[in-house]
Amino acid sequence: MAQTGKMVYRFDEGDADMRSLLGGKGANLCEMAGLGLPVPPGFVITTQTCRDYYASGGHFPDGLWEDVTANIAHVESSAGREFGSPEAPLLVSVRSGAPISMPGMMDTILNLGINDQTVTGLGKLMNSPRAAYDAYRRFVDMFGRIVLSMDASVFDNILDRHKTEEGVTLDQELTPERLQLITRDFQAAVRQVTGIEVPEDPWEQLRQAIDAVFGSWNGARAITYRNARGISHDMGTAVNV
C-alpha cells in the first residue's frame with residue numbers, strides 16, 4: 001500500500017501540537033526534545049501510518065521499513081551504539097501512544113536488540129552481567145506475551161521454580177548464572193508453546209514488535225476501554241521507538 005504523507009518523525013522534528021498525528025506520548029517527547037530537555041534519541045511512527053496499516057489488511061505501508069531503518073541509523077549515531085553490535089549494542093523500546101491516553105490498554109516491548117551475542121557486550125558495557133541477563137530474560141518474556149500472545153503464567157511459573165531452586169524470594173537475589181538459565185528456559189518455553197524461535201536478528205525483533213503495537217490498537221482490552229470511554233476506534237496508535 002502506498003504511504004500517506006510523512007510516516008516517521010524524529011523526536012526533534014515534532015511538537016506538542018501534533019498530538020493527533022504523533023500520539024500523546026510521541027508529541028510530548030518531541031516537545032521536550034525541542035525545549036532542549038535530555039530526551040533519548042528516538043522517533044515516532046504516525047497514527048496515520050497505523051490507519052494505513054489496517055486499511056491494507058495488516059501490512060506495513062510502502063516505504064515504512066526503509067524509514068524505520070534510516071531512523072535507527074540516526075539513533076545509532078546519536079547514541080554511539082550499533083543495533084546488533086556484539087561490542088556496543090543499541091537496545092530500543094517500542095511503545096504505543098494514542099492521541100488520547102489509554103493507560104495499560106496497549107503494548108510496550110523493551111530491550112529490543114538483545115540476543116545471545118549482544119548480551120555479553122551489554123554486560124561488559126554495564127559492568128554487570130547480571131543486569132544484562134535480567135534485561136534479556138525480560139525481553140524474552142515480553143516478546144512471548146505481547147508478540148506471540150503467550151500466557152504470562154508460563155514465564156511466571158519458570159521464574160518461581162528457579163527462585164525456589166536458588167532459595168531466594170526476590171528477583172534481584174538471583175545470580176547472573178541463574179538468570180542465564182532462566183533466559184534459556186524462557187526461550188525453550190516459547191519454542192514449545194508456539195513452535196517459533198524468539199528472533200536473534202534485532203531487525204526482525206523490531207519489525208515484529210512494531211507489528212504487535214499496531215495490532216494492539218484493536219486488541220480486546222483497547223476496544224473495551226474505548227467503548228467504555230466513548231473514544232473513537234478510528235484514530236490509530238502511534239509507535240514510539
Side-chain angles (χ1 to χ4, degrees), residues 6-16 18-34 37-54 58 60-61 64-65 67-72 74-76 78-79 81 83 89-114 134-136 138-149 152 198-199 202-223 225-226 231 235-241:
K6 182 176 171 67
M7 291 183 284
V8 179
Y9 287 77
R10 295 195 313 267
F11 289 163
D12 60 356
E13 293 181 317
D15 58 49
M18 299 172 70
R19 187 182 188 93
S20 64
L21 185 65
L22 302 181
K25 188 181 283 105
N28 288 335
L29 285 166
C30 289
E31 183 74 11
M32 289 188 291
L37 297 174
V39 177
F43 55 91
V44 188
I45 303 172
T46 67
T47 57
Q48 179 61 56
T49 305
C50 179
R51 294 192 291 273
D52 291 343
Y53 168 90
Y54 278 105
F60 284 5
L64 174 59
W65 189 243
D67 285 354
V68 167
T69 57
N71 278 275
I72 285 288
H74 181 266
V75 175
E76 289 176 323
S78 299
R81 304 281 184 87
F83 203 45
L90 172 71
L91 303 188
V92 300
S93 62
V94 176
R95 303 175 184 270
S96 60
I100 295 175
S101 178
M102 297 171 53
M105 295 301 108
M106 293 182 296
D107 289 331
T108 292
I109 305 172
L110 308 178
N111 304 330
L112 277 102
I114 200 164
D134 193 43
Y136 196 5
R138 291 176 188 274
F139 166 72
V140 176
D141 179 325
M142 284 184 283
F143 195 92
R145 289 186 291 106
I146 293 168
V147 177
L148 301 177
S149 301
V198 176
W203 294 101
E204 183 61 19
Q205 295 175 6
L206 180 59
R207 187 193 67 78
Q208 292 191 36
I210 293 170
D211 189 77
V213 171
F214 278 153
S216 71
W217 172 253
N218 275 346
R221 285 178 303 165
I223 290 173
Y225 185 89
R226 290 197 298 272
I231 299 171
M235 293 185 298
T237 182
V239 180
N240 301 281
V241 179

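In this chain, numbering begins with 1 at the start of the sequence shown.
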For this session: Starting at OG1 of Thr47, measure out to CE of Met18 and round the result to the nearest 0.5 Å.
Result: 9.5 Å
Exercise. Between CD1 of Ile100 and CD1 of Ile231, what distance do you get to the nearest 0.5 Å?
Worked result: 5.0 Å
Taking salt bridge (Lys or Arg N to Asp or Glu O under 4.0 Å) as the test, write out the residues that go with [X], two or more places apart.
X      : result
Arg19  : none
Arg145 : Asp141
Asp211 : none

[X] to [Y] - nearest heavy-atom pair and separation:
X      : Y      : value
Asp15  : Cys30  : N-CB, 3.7 Å
Met142 : Ile109 : SD-CA, 4.2 Å
Val213 : Ala238 : CG1-O, 4.4 Å

Could you work out, with side chain to side chain donor-acceptor pair (under 3.5 Å) as the rule, every residue matching [X], not counting sequence neighbours?
X      : value
Gln208 : Glu204
Tyr9   : none
Ser78  : none

Problem set entry | Sequence neighbours excluded - salt bridge (Lys or Arg N to Asp or Glu O under 4.0 Å) pairs with any residue from residues 38-48 | none
Could I get the full list of ring pair (Phe, Tyr, Trp, His ring centres under 6.0 Å) partners for [X], not counting sequence neighbours?
X      : value
Trp65  : none
Tyr225 : none
Phe143 : Phe139
Phe11  : none

For this session: Could you list all the side chain to side chain donor-acceptor pair (under 3.5 Å) pairs where at least one residue sits in residues 97-108, not counting sequence neighbours?
Result: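 Pairs touching residues 97-108 that pass the test: Asp107-Arg221.
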